[in-house]
Protein chains: 2
Amino acid sequence: MESHELKIRAAWLYHVEGLTQAQIAERMYLTRRRVNEFLASALEEGIVRVSFASPLAAGMELESRLQGRFGLEAAVVVPTPADPQLLHQALGRGAAAYLDRLIQARKPRSIGVGWGATLRETVTNMTPASEPGIELRSMMGGLTRGSEINTFEIVRGFAQVLKAQCHYFAAPIYAESPQSRDAIITQSVFERIFRQTCEVDISYLSVGDVTRQSLQVRYGLPAGTDIGDLIAVGAVGDLLGRYIDAEGRPVAHPLNAQVLAPDLTDYRRIPCRIVASGGIHKHAILTATVRAGLATALITDEESARALLAGG
Amino acid sequence: MESHELKIRAAWLYHVEGLTQAQIAERMYLTRRRVNEFLASALEEGIVRVSFASPLAAGMELESRLQGRFGLEAAVVVPTPADPQLLHQALGRGAAAYLDRLIQARKPRSIGVGWGATLRETVTNMTPASEPGIELRSMMGGLTRGSEINTFEIVRGFAQVLKAQCHYFAAPIYAESPQSRDAIITQSVFERIFRQTCEVDISYLSVGDVTRQSLQVRYGLPAGTDIGDLIAVGAVGDLLGRYIDAEGRPVAHPLNAQVLAPDLTDYRRIPCRIVASGGIHKHAILTATVRAGLATALITDEESARALLAGG
DNA sequence: ACATTGGTGTAACATATGTAACGTAATGCC
DNA sequence: GGCATTACGTTACATATGTTACACCAATGT
């Protein structure tokens, strides 16, 4: 009997009949060492194949590839809904499930969150818990106008569902001028808020694109600031209200000096930086985010994942 | 995240990414106990499937089923050749490979062999070895006429290829009468041969059908014995020259009292009884053999195996 | 004919897996 | 609301697996 047949037979006895390697060795008049080698070789050569009777496995392959490609500690890929209106909800569910387990396992001291439709849907899908020891914080100032969303409610919603402590970032996302920003952050009340925001264990944000689909673009930019000017200097989208280019660097624009949020250097020191966003319109900002290592965990949809992986 | 998705993910990390269960537990914020249960459950439910990219696996499934169905210690199933003329060769190869390993592993003291086309092909395919401590014996008398095969050469061939000791059963397969048989086996030389034949560690035989394809039927039966008479009393074929019925019992016919070979009671005491035969014409005798527990190991072809398993 | 290489037996050992016992929390049912 | 059942965390332990070192033998190449 040539070794090929021995290999098949050993693999059969192991995977189908459930014999141990020692039993197979006895049955086939081989050494356990030979059996072990045959089994490993059968898998390696693809003679024995493991397959998954579940569509979820496709998403897991994408997650795996995203992690490998971009050095992410975690990736969650949810199916892309047929109706684009449902994308925030799908991302929210995926993110909530991930956060549920993360919070339970890591027992973080403080969590900083951003705002946006995805964040809001995440709150809706979180499993209620009782975590009085956790501090929920806003990572940045909020929108001061726009009826679609009350950005301050996001952190409150998280705190409520987790029965955690709630700390608002009671300021607008942008100061009126760089000078005004400097004056604000030197006030001791804001100085402490800033410091505490930089020291969270986990940050959970979404990124914004530069189209009018973005809440930020529609309601957040100060009077006199035009998104076209930001695009002109290379902006592909924003993280923490700060517009960044395709390499993940803040663009040269006065707006970036008005942001009431940690700068990117401080942000990078946060150990666990979760970003949840999706949709083809966000491809450029997502690409910049993962390439620049601004996220340690990415939550996105299948289409966006494929687009990310298709990039050079 | 519901447990189904956790299960898929755990299975993915284990089977595809090669993580240990402890690593998966850490990665997924679970206990190792849960991971272990998920993996077992994924296999049990068929979510994870192990498949074989090899036609040999089909034969192995048949072998497994044959063993289970008929309580065999071993079964070897070779592919059925398109040309029936090649069946003996295919069986001979399968048997030789099995014997090679068996002899190497068991180091038997003595082996008793029958004769027939399959046995001859087996010799041809044996791997040469040097086993001076092994005794090769005929299990029964030989044919005294017929130019197709020299039955005494079979045992000599085995002994030669194994460099073992050779012991002929120097007698015809049938005595002229029951009285003549009794007179022969009480001769001390034959008495000792009989005893030693009954005490082999391994017997390797084929079975004969009742058609004229059988060497036995064409050349072995004594003058005045008609195969029709044997069929008439229920014979479905022969083992060791002894015709048996569908239940594996010797038929009531004077021929069975003339056989110069161990009787079936003595034969059953041999620890390892290998039978190698195939072909649809041997279905009845193969069925009788395995049902009656006359073999502990069966070597046959795929078609014959399916026919055996299809039986009630 | 000899040197080299590859395969594998043997034994030991580190690590991974599988399972069991016990206790606690969650869930379901009445 | 109480009780029974189930699920699972934790820990321990037995068994299985995976790998390594060394030696030996067979195969291969020069």
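Quick note: numbers below take in every heavy atom, side chains included, and nothing from hydrogens, waters or symmetry partners. Below, chain A is the first sequence line, B the second, and so on; all start at residue 1.
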Trainee: Among C:dG18, D:dT17, C:dT10, which is the nearest nucleotide to the side chain of A:Thr31?
Mentor: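 Closest nucleotide to the A:Thr31 side chain: C:dT10.
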Trainee: Quick one: label A:Arg34 by what it contacts on the DNA or RNA (base, sugar-phosphate, nothing), any heavy atom closer than 4.0 Å.
Mentor: sugar-phosphate
Trainee: Taking only Lys NZ, Arg NE, NH1 and NH2, and the carboxylate oxygens of Asp or Glu, determine whether A:Arg9 and B:Glu63 approach each other closer than 4.0 Å.
Mentor: yes
Trainee: Which nucleotide wins on minimum distance to the side chain of B:Asn36, given the candidates C:dT8, D:dT17, C:dG18?
Mentor: C:dG18
Trainee: Whole-Å distance between C:dG18 C1' and B:Leu43 CG?
Mentor: 14 Å
Trainee: Before you tell me yes or no, could you show the steps for A:Lys7 and A:Glu45 under salt bridge (charged side-chain N to carboxylate O under 4.0 Å, His left out), namely the whole-Å CA-CA distance, both residues' side-chain angles and the distance that decides it to 0.1 Å?
Mentor: CA-CA 11 Å; A:Lys7 188 178 295 182; A:Glu45 289 169 20; 2.8 Å; yes
Trainee: Could you check how far CG of B:Leu6 sits from P of D:dA7, rounded to whole Å?
Mentor: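 The distance from CG of B:Leu6 to P of D:dA7 comes to 16 Å, rounded to the nearest Å.
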Trainee: Please report the distance, rounded to the nearest Å, between CD1 in B:Ile24 and P in C:dG18.
Mentor: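 Between P of C:dG18 and CD1 of B:Ile24: 11 Å.
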Trainee: Aromatic rings B:Phe158 and B:Tyr204: how do their planes relate, parallel, tilted or perpendicular, breaks at 30° and 60°?
Mentor: perpendicular
Trainee: Has the side chain of A:Arg33 got a donor or acceptor that lies under 3.5 Å from a partner of the other kind on the base of C:dG7?
Mentor: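 No, no donor-acceptor pair under 3.5 Å.
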Trainee: Calculate the interatomic distance between B:Phe38 atom CZ and D:dG9 atom P; express it in whole Å.
Mentor: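 Those two atoms, CZ and P, are 9 Å apart.
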Trainee: In whole angstrom, what separates B:Lys7's NZ from D:dA7's P?
Mentor: 11 Å
Trainee: Within this structure, what is the CD-to-P distance between B:Glu44 and C:dT19, rounded to whole angstrom?
Mentor: 11 Å
Trainee: Indicate whether OP1 or OP2 belonging to C:dA16 is found under 4.0 Å from a side-chain N or O atom of B:Tyr14.
Mentor: no
Trainee: Assess B:Arg137 against B:Phe169: is NZ or CZ under 6.0 Å from the centre of the six-membered ring, and within 45 degrees of the ring's axis?
Mentor: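 Here B:Arg137 fails the 6.0 Å and 45° test against B:Phe169.
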Trainee: By nearest heavy atom, map A:Glu37 and A:Arg32 onto DNA chain C; which one lands nearer the 5' end?
Mentor: A:Glu37
Trainee: Of the listed nucleotides (D:dT17, D:dC8, C:dT17), which one gets closest to any side-chain atom of B:Gln21?
Mentor: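 Closest nucleotide to the B:Gln21 side chain: C:dT17.
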